[in-house]
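To start, the structure under review is shown below, and the notes come after it.
Please read these numbers as outputs of a predicted model, since none were measured by experiment.
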Amino acid sequence: MKAQVLTAETGPSGLELQDVPDPTPADGQVVVDVKSCGVCFPDVLMSQGKYQLRVPTPFTPGTEVAGVVRSVPEGSSVKVGDKVLVASIVGGFAEQVAAAPEQLLPLPEGLTFEQGSAMGINYQTALFALKTRAHTQPGEVVGVLGAAGGVGTASIMVAKAMGAKVIAIVHRKGAEELLRSAGADEIVQLEEGWGTKLKEIVPKGVDVLIDPSGGEVFDEALRQVAPDGRYVVVGFAAGGIPTVKLNRVLFRNISVVGAAWGEYVRTHPELNLPATLHDELSQMIADGMEPQVNVTYTLDQLPEALTDLAEGRILGKAVVKIGE
């Protein structure tokens, strides 16, 4: 089969499209024909050797798979021909992947494989951040930093599905149409005076602020959270890791909470969180939410896709189309 193999932790340049043996499933594993694989920030970090999970090279990255079950062991809970999503951790940027049955989730009815692979980490993270960590309620105002990225657009859509009003806060130009299509009620450009502009829209501040970016806007962003509000730290895509001035947290009675979905899954296995969140997301999709795919690449273009993601050229969510 064809697979993108990371031969050196030099970033996307370390990838090579190779002919490799088809996967040999371990006891109990299922083999899936990969149709599409989402492109996400952990893939970039893995290619650079900077992710918390360090996999020895050579290996095939790819964490957000959608495909069709090719083979199953006797007594398996899934069937050949089932359309599934696979939380593969690695191995997704290939024509086949082997996985344990508990890594598989059903592809929601009506979605394409590309939309299914776009759900992956971003939508799970968005729902985990908004519901599990921030306890967002219908009618609350949610602000989303980094709104034009994959986690950002997913957070907009999930927050709207939860009945919130959403303000998209965006640095990149030309994203308004994308953000409106995701469901943003208001858009604030991240430029000089952006905090004042946001307060004109919602004078008391936002009830929940989702931040997948970090970086230098943190201090001003913290000022935009309403009393009793929640600032949710999702990641540091902008590169900088800010520090909290606790006097603002104290005197305004706000909470700063972390939303590390992957770590929570690892440390709370008894909750079976991916399946629980997937059921809720599937219901949102049945009720009309439609995961967006904004850019599509082919398997041989994966280095370009990861470079584009790392350098901020992708608006929304990108996926790699692998099989028909």
Next item on the list: Only pairs at least two apart or in different chains count here, so list each salt bridge (Lys or Arg N to Asp or Glu O under 4.0 Å) that has a residue in residues 269-293.
Entry: K131-E280
Check: What residue pairs, at least two apart or across chains, pass salt bridge (Lys or Arg N to Asp or Glu O under 4.0 Å) with a residue in residues 118-127?
Finding: none
Inter- and intrachain pairs under side-chain hydrogen bond (donor to acceptor under 3.5 Å, both in side chains), touching [range], at least two apart:
| range | result |
| --- | --- |
| residues 240-256 | none |
| residues 143-162 | K160-D185 |
| residues 58-75 | D33-R70, E64-K317 |
| residues 221-235 | E140-R230, D211-Y231, E220-R223, E220-Q224 |

Check: For E200, does the CD atom sit with more than 12 other heavy atoms under 6.0 Å from it, leaving out its own atoms?
Finding: yes
Check: Counting heavy atoms not belonging to H171, are there more than 12 under 6.0 Å from its NE2?
Finding: no
Next item on the list: Using the test side chain to side chain contact (heavy atoms under 4.5 Å, CB included), find all partners of E311 that sit at least two apart in sequence or belong to another chain.
Entry: T307, R313
Checklist line | Test side chain to side chain contact (heavy atoms under 4.5 Å, CB included) applied to P73 - qualifying residues, sequence neighbours left out | finding: V30, S76
Show me the donor-acceptor pairs within less than 3.5 Å that the side chains of residues 37-47 make with the rest of the protein, sequence neighbours left out.
unit_1: D43; atom_1: OD2; unit_2: C40; atom_2: N; d: 3.1
unit_1: S47; atom_1: OG; unit_2: V44; atom_2: O; d: 2.7

Is [Y] close to [X] at the side-chain level, that is, under 4.5 Å between some pair of heavy atoms?
| X | Y | result |
| --- | --- | --- |
| V256 | L222 | yes |
| V188 | V170 | no |
| N294 | L315 | no |

Note to self: For P303 versus P12, what's the shortest heavy-atom pair and its separation?
What the structure shows: O-CB, 3.4 Å
Notebook entry, point to check: Under the ring-ring contact (aromatic ring centres under 6.0 Å, His included) test, which residues partner H268, sequence neighbours left out?
Noted result: Y264
Notebook entry, point to check: If you link I, L, V, M, F, W and Y whenever their side-chain heavy atoms are under 4.5 Å apart, who else ends up in the same group as V319?
Noted result: V293
Checklist line | Short side-chain donor-acceptor distance under 3.5 Å, Q189 and E191 | finding: no
Margin query: If we count only N and O atoms by modelled type, under 3.5 Å, do the side chains of Q292 and S181 hold a donor and an acceptor together?
Written below: yes
Next item on the list: Taking salt bridge (Lys or Arg N to Asp or Glu O under 4.0 Å) as the test, write out the residues that go with K199, two or more places apart.
Entry: none
